[in-house]
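To start, the structure under review is shown below, and the notes come after it.
All ligand and atom numbering here is 1-based and tracks the order in the structure. Keep in mind the model is a prediction, meaning the values are calculated, not measured.
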Amino acid sequence: MSGHEPDETWWKIRSVYQIYPRSYRDANGDGIGDLTGITQGLSAIKALGAGIVWMSPIFRSPMADNGYDMSGYREIDPLFGTLADFEALLAEARRLDLKIVLDIALNHTSIDHPWFQAALSDPTGPYRDYYIWRDEPNNWQSIFGGPAWSKPDGDDAYYLHLFDKTQADLNWENPAVREEIYGAMRFWLDRGVSGFRLDVVTVISKPPGLPDAPDPRPMPLYDLLAGGPRLHEWLRDMRREVFDLYDCVAIGEGPGLNPERAAAIVNPADPMLHMIYHFDFVDHNGSRQGRDWDRVWFKSVFDRWDKGIGSNGWNSCVVGNHDLRRLIARFGDGNADPSLVAKALAATYLLQRATPFIYQGDELGLSDTTITAVEELDDVWAKTTYGLARSKGHTEAEALAKAVAMTRDHARTPYPWTPEGGFSLATPWLKPTPNLGGVDLASQQADSHSVWAFYRALLELRSKNPETWIFGAYEDLLPAHESLFVYRRGARGLVCVNLGGKACALPGAVTQLLSGLTCLHRSGVASTSLMGAWSTQIWA
Ligand code: TEU
Ligand code: CA
């Protein structure tokens, strides 16, 4: 296939907006976001210009991991509403021409799931083999910290949980498990959803015999487990038994992937999933990894994935999500104007040869929140981190600092609809991020220079000129520059971004290219020869 052949496939053309349902909008006044709230909010997503809405989990769950611990794959959790509320949401989405994509955690269920409960009450019955049991644990550590194996009270064996101890890994080797998951996906596709985001799908196939890991710590273990021996076989099954039967999109979450592994999964000649998103950015949660934010590395990630998949298959671009600190906190600079940083980052990831994913609030330039006490933490991972630090002898203050540096709560605070909040009439379930002025939807919709307006302008660019901004070939013109990100799209698209706080001269070769083009958008102080701090200009 040639490098820039326009292709009308909707999941390439449309952009994705990710909703965190607990925190999007509360319609019934209990302080927690819900489906009716989402229905009311869809027109705002339409106005922004996204075309696909991915909702983090809404299925039945005891909410230890806010829905990524599912106890019923065919039920809406009552906290979020009813099936009728969901049908109303789908009807509104259809009216607005938005596609709805659901999130399914298929690597594990909650231990409250009836399957796990049956596995406990009847160890010789059919549900025991839905999960992974050993008499003696191996050395694996859970991603959230602590051992990856737990023994239920009164049981003889340990079950595997790569995440929280309430999230038991499913035994995908058991064909009955696979049938259950495929059936659940068809259940929702039959009701009109347009696809799924498959949580940690790369780790469903475990290494035979579950051997000890050379390095059992969480992240290295992840890399070891990603892409197990039967992953491709099961993804092909899934494609045949589910996705090929509908006009839908299957988006894999891909921890542990490199471009070669990912390319195999989205290869049009042997299709498994439509898109899979990598962890090169997701793994970079700022201070949690203690890595510097290196602009040359940042640019190289876009380049390596474009080279790795390009038009042979299709890339997706996830930079921020509900598992991370806020985008501008991870890839900003403490001193800069946050709205300039937000716009500069938007210009890096919305105009790639890929489907961009916008995480709720990033389109407003929302920043990290302030957390001053352990009681303010909700994230199970952060609480585990805090507890482990305390048990290792760290003081309360040290343990809290560790948890605050990594907690996923930063991204999960209520969506700011108005300067006063506007998320709920009640006290929200999680303390909102302080609004230091103008970081709310109403203010930004009224301001043509807002971050929101900038996001909308870039999404409009993408949809108005797909040959250039969606399918045009990608080339990084200054890969080694320490601050400037200048890339080309197709024959005429050119994006210049200064990812730093100091003004930089544009190299003459770039200035020359600009002379035949028109500037479509600009933020900060930028000219054809100079890029001010965190400035952006987009030409075609
Ligand atoms: O996340 C997978 C996951 O491993 C991430 O938490 C990742 O390790 C981290 O972001 C790296 O910085 C998915 C969901 O997105 C997450 O919310 C769930 O907690 C997790 O799976 C378990 O279902
Ligand atoms: Ca509610």
Side-chain angles (χ1 to χ4, degrees), residues 18 20-40 54-59 61 63-70 76-82 85 103-110 142-145 161-170 197-204 217-223 225-226 251-257 277-289 291 318-325 330 357 359 378-385 405-412 414 423-429:
Q18 183 193 350
Y20 199 65
R22 280 182 93 80
S23 292
Y24 192 56
R25 193 176 170 107
D26 172 27
N28 71 348
D30 65 354
I32 301 171
D34 45 48
L35 295 180
T36 304
I38 295 176
T39 305
Q40 294 167 354
W54 149 30
M55 301 193 284
S56 276
I58 55 169
F59 300 158
S61 163
M63 303 285 166
D65 192 19
N66 291 351
Y68 287 95
D69 48 327
M70 298 179 170
I76 301 287
D77 194 275
L79 203 58
F80 296 130
T82 62
D85 296 332
D103 202 326
I104 185 166
L106 40 60
N107 173 69
H108 44 263
T109 71
S110 165
S142 136
I143 308 286
F144 292 170
H161 54 87
L162 289 181
F163 294 89
D164 186 50
K165 61 179 181 304
T166 66
Q167 291 165 297
D169 279 54
L170 283 165
R197 177 265 192 190
L198 311 172
D199 190 61
V200 294
V201 70
T202 42
V203 301
I204 57 177
R217 286 173 305 150
M219 289 303 165
L221 179 67
Y222 227 155
D223 289 344
L225 293 182
I251 306 162
E253 189 199 25
L257 285 184
Y277 66 83
H278 63 76
F279 263 46
D280 288 9
F281 294 127
V282 177
D283 252 352
H284 191 104
N285 200 14
S287 51
R288 192 176 81 222
Q289 259 90 12
R291 263 187 267 156
V318 172
V319 189
N321 68 22
H322 64 291
D323 287 335
L324 298 160
R325 292 169 56 220
R330 288 158 55 222
F357 285 56
Y359 178 63
D378 171 78
D379 175 12
V380 60
W381 191 349
K383 289 181 190 159
T384 306
T385 301
M406 55 67 72
T407 186
R408 301 180 293 178
D409 295 320
H410 291 294
R412 299 179 178 182
F423 161 74
S424 172
L425 292 172
T427 306
W429 70 280

- Using the six-membered ring wherever Trp is involved, compare the ring planes of Y277 and F279 and label them parallel, tilted or perpendicular (cut-offs 30° and 60°). parallel

### Query
In terms of ring plane angle, is the pair H322 and Y20 parallel, tilted or perpendicular, where the classes change at 30° and 60°?
parallel

Note: D69, heavy atoms under 4.0 Å from ligand 1, region reported as neither

For [X] and [Y], work out which heavy atoms get closest and say how close.
X	Y	answer
G145	T384	O-CG2, 4.0 Å
T407	A382	OG1-CB, 3.3 Å
Y68	S56	OH-OG, 3.0 Å

Find all atoms of ligand 1 within a distance of less than 4.0 Å from any non-hydrogen atom belonging to [X], and give their numbers and elements.
X	answer
W381	6 (O), 8 (O), 9 (C)
R408	6 (O), 16 (C), 17 (O), 18 (C), 19 (O)
F144	19 (O)
V282	10 (O), 11 (C), 12 (O)
V200	2 (C), 21 (O)
Y222	2 (C), 3 (C), 4 (O), 8 (O)
E253	1 (O), 2 (C), 13 (C), 15 (O)

D30 OD1 to D34 OD2 via the Ca ion (ligand 2), rounded to 10°, gives 160°

Note: OD1(D26)-the Ca ion (ligand 2)-O(I32) angle, rounded to 10 degrees, equals 80°

- Query: With no hydrogens and no angle check, is any side-chain donor or acceptor of Y359 less than 3.5 Å from a backbone partner on A411?
  - Reply: yes

Can any side-chain N or O of T202 pair as donor or acceptor with the backbone N or O of G254 at less than 3.5 Å? no

| said: Check this for me: does any side-chain nitrogen of one of D164 and K383 sit under 4.0 Å from a carboxylate oxygen of the other? | reply: no

State plainly whether the residues D323 and R412 are in salt-bridge range, i.e. N to O under 4.0 Å.
yes

Below 4.0 Å from ligand 1: does a non-hydrogen atom of [X] turn up there or not?
X	value
R197	yes
H108	yes
M70	no

**Item:** the Ca ion (ligand 2) to nearest N/O/S of G37 below 3.0 Å
**Value:** no

| query | Counting backbone and side-chain atoms alike, does N28 have an N/O/S atom under 3.0 Å from the Ca ion (ligand 2)? | reply | yes

So, is F279 polar-close to ligand 1, with some N/O to N/O distance under 3.5 Å? no

Going by distance only, is there an N or O of D65 that falls short of 3.5 Å from an N or O of ligand 1?
-> yes

Given the options V319, N321, L324, F281 meets side chain to side chain contact (heavy atoms under 4.5 Å, CB included) only with V319

